[in-house]
Amino acid sequence: MSVYDDVDEYIGARRVTGLAASHDFSRAVVVVAALDDSRTEYRTSLWEIDVDGGSPARRITHGEWGESAPVFTSAGDLLFSRTSSKDDPARLWILPASGGEARVLETRSAGLSEVVTARSGFGLVGLSPVFGSSSTDEDDDALRTERKANKVDAILHTGVPVRFWDHDLGPATPHLFAGSSDGSTGLRDLTSDAAGALHEAAFDVGADGSFVVSTWSVPGALATVRTVLVRIDTATGERTTIVDDVDADLGAPAISPDGASVVFVRESLSTPEDAPRMTLQRYDFESASVVDLAPGWDRWPIDPVWLPDGSGVLVTADDDGRSPIFVVREGAEPRRLTNTNDAYTHVHVSSDGTRVLALAASYLAAPHPVSIDLSDGTVDDLDTSVDRCPVPGTLTEIDTVVDDGARVRGWLALPEGASDAAPAPLLLWVHGGPLGSWNTWSWRWNPWLMVARGYAVLLPDPALSTGYGQEFVQRGWGAWGKAPFTDLMALTDVAVALPEIDETRTAAMGGSFGGYMANWIAGHTDRFDAIVTHASLWALDQFGPTTDAPWYWAREMSPEMAVENSPHLFVADIATPMLVIHGDKDYRVPIGEGLRLWYELLSESGLPADDEGNTEHRFLYFPAENHWILSPQHAKVWYEVVLAFLAQHVLGERVSMPRILGH
């Protein structure tokens, strides 16, 4: 029996969630998440790995509440975050390279997060929340204590945003603090006037620690927000705007090794007619000029990392159902470094420029550390404490050419034994985003639990998916119910034509934008036996103003677009049993979408509640969960309810809902 056959075993599987390496690659650690003794929460710990592959991984931290966010100093010391209790902010700790016990490095009561260290010297910079009315650290601590003692959580806003994904923003807002990685100096607030400018900021520190380049949010007319790049002197706090592009959001700054320039990702501001485009650009401090590093490159680069000699950068970019590492040098075509089926994250380059350490993941393997030869792209797995769990089936690709000439492809996971004599039922699973791709492992959206129960799972990349060029994104822009829908149906047609697939037993499901598509599918075809819709957009005119970043969606979602593409306008045509799932703390797709969908299914759909209130539809509601359903036991309930609902309507089996739900 594999881990995918038992949901308890699956949620209990240890998983790698992060990676850090010293500049010379003499040390590297991974973050490993595992269930606590109660099996109700994940705790993370740090494990040192051998970058040369000669020794097994060993656990080096044992805090009761776990450790995370590792980063190495220029001296090879390991910094990490540790909490003393569930409700306390994380403190910054140091584990010296020379040996000895870990100790607290910084004691700011609000905590310090997102720490970045200088490549030489002892400088570090991190984020910590500060109340706008505080003039000293003592004032800040007193106000925090007063609010907690009086159970006051009210927040007075003067603009947007007011929340993000699953948490409220304010009243304290992030400030950048500079300090030293050896504890010789205290923390200094570099951005006392930040207000909300550093919400979800991305920043980098110069090699010598003398300055920072950070994103800076700028409010605009009619409740809009965009991001610019600023340079901040760590000694004086003097701030200068270096790149201000009125037609774009700027992010992911990475300062060159010599401190002469900074690369960043430019995302053009979309309009109802034009999709955004992401490009990699470089700003030169001396000439104050901006150049495009890869003009004409039709991929979306993210997370640039400089080569140590400053000759170029490494980026990752979605590409045909993968997310390889590319080498980008100014004036040359980007070169694909890795040629595996993996998606790569947490990329680090050795100081001698010969190797890369990263986490690799695909639908065949969960995230795991690898070493990559920078000259030829050879990839070698590194040992961790985490067992690799073989998947219970096979993975293949299918594609088709649709009416407008576009190639549409996806992954197809097949259960063992599927054949023309024993065809498998099909589950169409639509990804979220919508600007995304099915190209990497997900513990939350894992097809192998369905495959282990006999389903074939189709993971398609329809119009709007990234990794196929700008025109492929543009095909679905502002027209969610058109090319994305017809692409999904076309690839489903290809799948059910295979002898291993039973076209008489099919279901569709999706989360977030995938949930939107599930709702749209429900109102536009009755070909599926069941539909599962998680955290889904239902009424676009309602969703747009209530999501956590309304200005972003307003760029595409004109009133005309909302009317033409809103699933709720087709509720009367829904005749397929639907399982609606939503978390109350979901601020990206607010709970109102799920509540309205549920009521209108029962009162207005083509499969309404009967005269006695009975219904084939179901609503799985999580009062304390967000967009993803993160609690281990709630994740277990999620999978068990989905599997039971599919078994009833697709397989014709009566499977009991989890007893813990009380039904």
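All values below come from the heavy atoms of this structure, side chains included, with hydrogens, waters and symmetry mates left out.
Within 6.0 Å of OH on Tyr599 lie no more than 12 heavy atoms contributed by other residues, nucleotides or ligands. In Asp610, the CG atom is crowded: over 12 heavy atoms of neighbouring residues, nucleotides or ligands sit closer than 6.0 Å. Annotation: Asp8, atom CG; neighbour count of heavy atoms from other residues, nucleotides and ligands within 6.0 Å is above 12.
Shown here are the salt bridge (Lys or Arg N to Asp or Glu O under 4.0 Å) partners of Asp36, two or more places apart in sequence or in another chain: Arg43.
In this structure, CG in Asp573 is found 12.5 Å from CG in Leu607, a value given to the nearest 0.5 Å. A distance of 6.5 Å separates CG in Leu426 from OG1 in Thr492, rounded to the nearest 0.5 Å. A distance of 4.0 Å separates CE in Met489 from CD1 in Ile521, rounded to the nearest 0.5 Å. The CG atom of Asp5 lies 8.5 Å from the CG atom of Leu449; values are rounded to the nearest 0.5 Å. Considering CG of Asp342 and NE2 of His368, their distance stands at 5.5 Å, rounded to 0.5 Å. Here the NE2 atom belonging to His634 is positioned 10.0 Å from the OG1 atom belonging to Thr40, to the nearest 0.5 angstrom.
The aromatic rings of Trp165 and Trp628 sit tilted relative to each other, their planes meeting at an angle between 30° and 60°. Ring pair His568/Trp538 is perpendicular by interplanar angle, where above 60° counts as perpendicular and below 30° as parallel. Relative orientation of the His167 and Phe164 rings is perpendicular, given thresholds of 30° and 60° on the angle between their planes. Ring pair Phe570/Trp520 is perpendicular by interplanar angle, where above 60° counts as perpendicular and below 30° as parallel. The aromatic rings of Phe326 and Trp297 stand perpendicular to each other, their planes meeting at an angle above 60°, with 30° marking the opposite boundary.
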* To do: Any chance you could lay out the side chain to side chain contact (heavy atoms under 4.5 Å, CB included) test for Glu653 and Gln648, step after step, and finish with the verdict?
  => CA-CA 5 Å; Glu653 301 173 357; Gln648 176 184 347; over 6 Å; no
* Before giving the answer on side chain to side chain contact (heavy atoms under 4.5 Å, CB included), spell out for Arg444 and Tyr639 the whole-Å C-alpha distance, their side-chain angles and the decisive distance to 0.1 Å. => CA-CA 9 Å; Arg444 273 297 305 123; Tyr639 278 111; 3.6 Å; yes
* To do: Please step through side chain to side chain contact (heavy atoms under 4.5 Å, CB included) for the pair Trp411 and Thr396, ending with a clear verdict.
  => CA-CA 6 Å; Trp411 296 105; Thr396 186; over 6 Å; no
* Can Val473 and Trp300 be said to form a side chain to side chain contact (heavy atoms under 4.5 Å, CB included), step by step? -> CA-CA 11 Å; Val473 174; Trp300 286 19; 4.3 Å; yes
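Residues Asp529 and Arg505 are not paired through a salt bridge, judged by the lack of any N-O separation under 4.0 Å between the basic side chain and the carboxylate.
Seen from the ring of Trp551, Arg226 does not count as a face-on cation partner, given the 6.0 Å and 45° thresholds. Seen from the ring of Trp443, Arg15 counts as a face-on cation partner, given the 6.0 Å and 45° thresholds. Cation-pi geometry between Arg475 and Phe472 is met: the NZ or CZ atom falls under 6.0 Å from the ring centre, inside 45° of the normal. Within the cation-pi definition used here (under 6.0 Å to the ring centroid, within 45° of the axis), Arg299 does not qualify as a partner of Tyr468.
The distance between the ring centers of His534 and Trp445 falls below 6.0 angstrom. Between Trp553 and Phe543, the ring center distance clears the sub-6.0 Å criterion.
In plain terms, the two heavy atoms of Ala201 and Thr215 that are nearest each other are CA-OG1, 3.3 Å. Here the shortest heavy-atom pairing between Leu459 and Pro447 reads CD1-CG, 4.0 Å. For the residue pair Met578 and Leu601, the shortest heavy atom distance occurs at SD-CD2, 3.7 Å.
Side-chain N/O atoms of Asn439 and Ser323 include no donor and acceptor closer than 3.5 Å. For the residue pair Ser217/His199, the side-chain donor-acceptor check at 3.5 Å is not satisfied. Side-chain N/O atoms of Asn519 and Thr533 include a donor and acceptor closer than 3.5 Å. Residues Gln542 and Glu593 have side chains that bring a donor and an acceptor to within less than 3.5 angstrom of each other. Side chain to side chain, Asp586 and His627 meet the donor-acceptor criterion of an N or O pair below 3.5 Å. Side-chain N/O atoms of Glu273 and Trp477 include no donor and acceptor closer than 3.5 Å.
Between the side chain of Thr506 and the backbone N or O of Glu503, no donor-acceptor pair lies under 3.5 Å. Listed for the Arg453 side chain is a donor-acceptor partner under 3.5 Å among the backbone atoms of Tyr4.
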